[in-house]
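Scroll down for the structure; my scribbles are underneath it.
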Amino acid sequence: MLTSVGQFSATTDKTANLEAAADLIGQAAAQGAQLVVLPENAMYSDPDPEADIASHTERIDGPFATAIGTLAKRHSVTVVAGMTETPAADGERPSNTVLAVDQKGDPLGVYRKVHLYDAFGYRESARLQAHAPSPLLFNLEGVTFGVMTCYDLRFPEMARFLIDAGTTALVLPAAWMAGPAKEEHWTTLVRARAIENTAYVLACGQTGPHSTGRSLIVDPMGHVAALAGETPGVASAVVDAARVEAVRAENPSLENRRFRVVFG
């Protein structure tokens with residue numbers, strides 16, 4: 001099954017962001033992709049930590065989600081994309097949310113970010129709320145995809161939580177902030193999550209100037225199967241359930257574990 005990561009730099013212009021997403025989905029579909037992963041905050045992105053984003057949020061059945069569903073149905077592909085979700089109740093902060101829709105445009109579910117990016121001088125928790133982990137899983141061609149977001153990558157137990165739920169391919173929309181050594185952190189951690197979990201990782205980041213780009217798809221042995229550069233575009237690779245099975249037979253590290261992940 002061919003899968004794609006479609007990277008671009010989202011801005012505060014929702015119309016332009018949706019046009020960019022539509023172009024990337026179209027490119028991936030033309031290549032034959034069955035799954036397209038877009039970045040974190042693909043709907044609206046303002047990197048200024050002091051900016052007011054509350055007035056720019058949307059519900060998970062709002063215009064952005066509806067448009068993504070329409071694009072998925074038009075191109076007969078499953079799509080995963082990041083957005084900022086309107087709070088469920090007054091007094092709450094918005095959520096950093098990832099939605100998934102199937103090839104018919106129907107919702108598969110949402111994931112709300114667990115680990116907010118309070119690091120490297122940034123404080124995401126000042127304007128967004130964190131959530132308890134609740135797995136977003138979906139199946140395509142015998143592969144179970146499990147979703148997490150950006151900073152979650154730095155927490156191996158988050159990936160393992162999804163693996164314990166049955167995931168064989170981790171999906172990671174991101175807006176990996178640029179900075180000293182950050183590209184190295186990105187590629188190293190993506191490969192590490194693949195190797196230690198004997199699973200695919202589809203990691204899609206925003207591009208510059210604020211983020212690193214370099215979206216990639218890594219196989220269960222840690223090989224980089226597809227790598228995008230620093231500019232907007234699509235990178236594609238085959239994801240195969242048989243490859244996961246073969247790697248896990250050769251390297252049964254998950255079976256050899258003596259610890260388990262418990263949230264609390």
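Counting from 1, the numbers follow the sequence of the chain as shown. Atom set for the values below is all heavy atoms of this structure, side chains included, hydrogens, waters and symmetry mates excluded.
Side chain of D46 to backbone of D48: a donor-acceptor contact under 3.5 angstrom is found. Under the 3.5 Å distance criterion, the side-chain polar atoms of E230 are left unmatched by any main-chain donor or acceptor of T207. Formation of a donor-acceptor pair under 3.5 Å by the E183 side chain with backbone atoms of A178 is not found in this model. T212 places no side-chain N or O within donor-acceptor distance of the main-chain N or O of G208, the cut-off being under 3.5 Å. Judged by distance alone, with hydrogens and angles left aside, the side-chain atoms of E40 form no donor-acceptor pair with the main-chain N or O of Q206 at under 3.5 Å. Distance alone, capped at 3.5 Å, places no donor-acceptor pair between the D240 side chain and the M1 backbone. A distance-only check finds no donor-acceptor pair linking the side chain of T198 to the backbone of V247 [under 3.5 Å]. With N17 contributing its side chain and T11 its backbone, the two residues share a donor-acceptor pair below 3.5 Å. For the pair E124 (side chain) and Y117 (backbone), a donor-acceptor distance under 3.5 Å is present. Under the 3.5 Å distance criterion, the side-chain polar atoms of Q34 are left unmatched by any main-chain donor or acceptor of L2.
R248 has no carboxylate O lying under 4.0 Å from a charged side-chain N of E245, or vice versa, which leaves the two without a salt bridge.
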Begin from the C-alpha positions of V171 and M148 and carry the test side chain to side chain contact (heavy atoms under 4.5 Å, CB included) through to its verdict.
CA-CA 6 Å; V171 175; M148 56 186 192; over 6 Å; no
Applying side chain to side chain contact (heavy atoms under 4.5 Å, CB included) to T167 and F161, what does each step give before you reach the verdict?
CA-CA 9 Å; T167 295; F161 169 76; over 6 Å; no
V234 vs V5, side chain to side chain contact (heavy atoms under 4.5 Å, CB included): CA-CA, chis, key distance, verdict
CA-CA 6 Å; V234 169; V5 288; over 6 Å; no
Going through the checks in order, is the side chain to side chain contact (heavy atoms under 4.5 Å, CB included) test met by L38 and V36?
CA-CA 7 Å; L38 299 174; V36 184; 4.3 Å; yes
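Residues T144 and N139 bring a donor and an acceptor atom of their side chains to less than 3.5 Å of each other. A donor-acceptor pair shorter than 3.5 Å cannot be found between the side chains of R112 and N96. Side-chain contact annotation: D102 with T78, donor-acceptor N/O pair under 3.5 Å absent.
L162 is not listed as a side-chain neighbour of D164, based on a closest heavy-atom distance of 4.5 Å or more. Residues D106 and V101 have side chains not in contact (no heavy-atom distance under 4.5 Å, counting atoms from C-beta outward). No side-chain heavy atom of I60 sits less than 4.5 Å from a side-chain heavy atom of L99. Looking only at side-chain heavy atoms (C-beta outward), V37 and V79 stay at 4.5 Å or farther from each other. Side chains of V224 and R191 form a contact here, defined as non-hydrogen atoms less than 4.5 Å apart. Under the 4.5 Å side-chain criterion, counting only non-hydrogen atoms from C-beta, R154 is in contact with H185. Residues I68 and L18 are in side-chain contact: their nearest non-hydrogen atoms beyond the backbone lie under 4.5 Å apart. Between Y200 and L170, the closest side-chain pair of non-hydrogen atoms is not below 4.5 Å.
Note that the OG atom of S45 and the CZ atom of F8 stand 8.5 Å from one another [nearest 0.5 Å]. A distance of 9.5 Å separates CZ of F263 from CE of M158, quoted to the nearest 0.5 Å. The distance from the OG atom of S253 to the CG atom of N197 is 8.0 Å, given to the nearest 0.5 Å. To the nearest 0.5 Å, atoms OG1 (T3) and CD (E141) are separated by 11.5 Å. To the nearest 0.5 Å, atoms OG1 (T70) and NE2 (H75) are separated by 10.5 Å. Note: Y111 OH to D152 CG = 3.5 Å, rounded to the nearest 0.5 Å.
Minimum heavy-atom separation, L116 to L128: CD1-O, 3.3 Å. Closest non-hydrogen pair, V80 versus P173, comes out as CG1-CG, 4.0 Å. The two residues A169 and L202 have their closest heavy-atom pair at CB-CD1, 4.3 Å. A pairwise comparison of heavy atoms in A226 and S236 identifies CB-O, 3.3 Å as the closest pair. Scanning all heavy atoms of the two residues, the minimum distance from T57 to P87 falls at OG1-CD, 4.3 Å. Here the closest non-hydrogen pair linking Q7 and R214 is OE1-N, 3.2 Å.
Y44 pairs with exactly one of K14, E58, H56 by the side chain to side chain donor-acceptor pair (under 3.5 Å) rule, that one being H56. Screening E85, H131, K113 for a side chain to side chain donor-acceptor pair (under 3.5 Å) with S95, the sole residue that qualifies is H131.
Cation-pi geometry between K182 and F120 is met: under 6.0 angstrom from the ring centre, within 45 degrees of the axis.
Under a cut-off of 6.0 angstrom, the local environment of CD in E92 is crowded, with over 12 non-hydrogen atoms contributed by other residues, nucleotides or ligands. Open room surrounds CZ on R59; 12 or fewer heavy atoms of other groups in view lie less than 6.0 Å from it.
Taking hydrophobic clusters as Ile, Leu, Val, Met, Phe, Trp and Tyr residues chained together by side-chain heavy-atom distances below 4.5 Å, M177 shares a cluster with F155. No chain of hydrophobic side-chain contacts below 4.5 Å, direct or via other Ile, Leu, Val, Met, Phe, Trp or Tyr residues, connects Y151 to M83. Hydrophobic clustering (ILVMFWY, side-chain heavy atoms < 4.5 Å, transitive): V239 and L136 are in one cluster. Note: the hydrophobic cluster containing V98 does not contain M43 (ILVMFWY, side chain heavy atoms under 4.5 Å, direct or indirect links). Taken together through direct or relayed side-chain contacts under 4.5 Å among Ile, Leu, Val, Met, Phe, Trp and Tyr, V77 and V147 form parts of separate hydrophobic clusters.
The aromatic rings of F138 and F145 lie parallel to each other, with less than 30° between the two planes, well short of the 60° mark.
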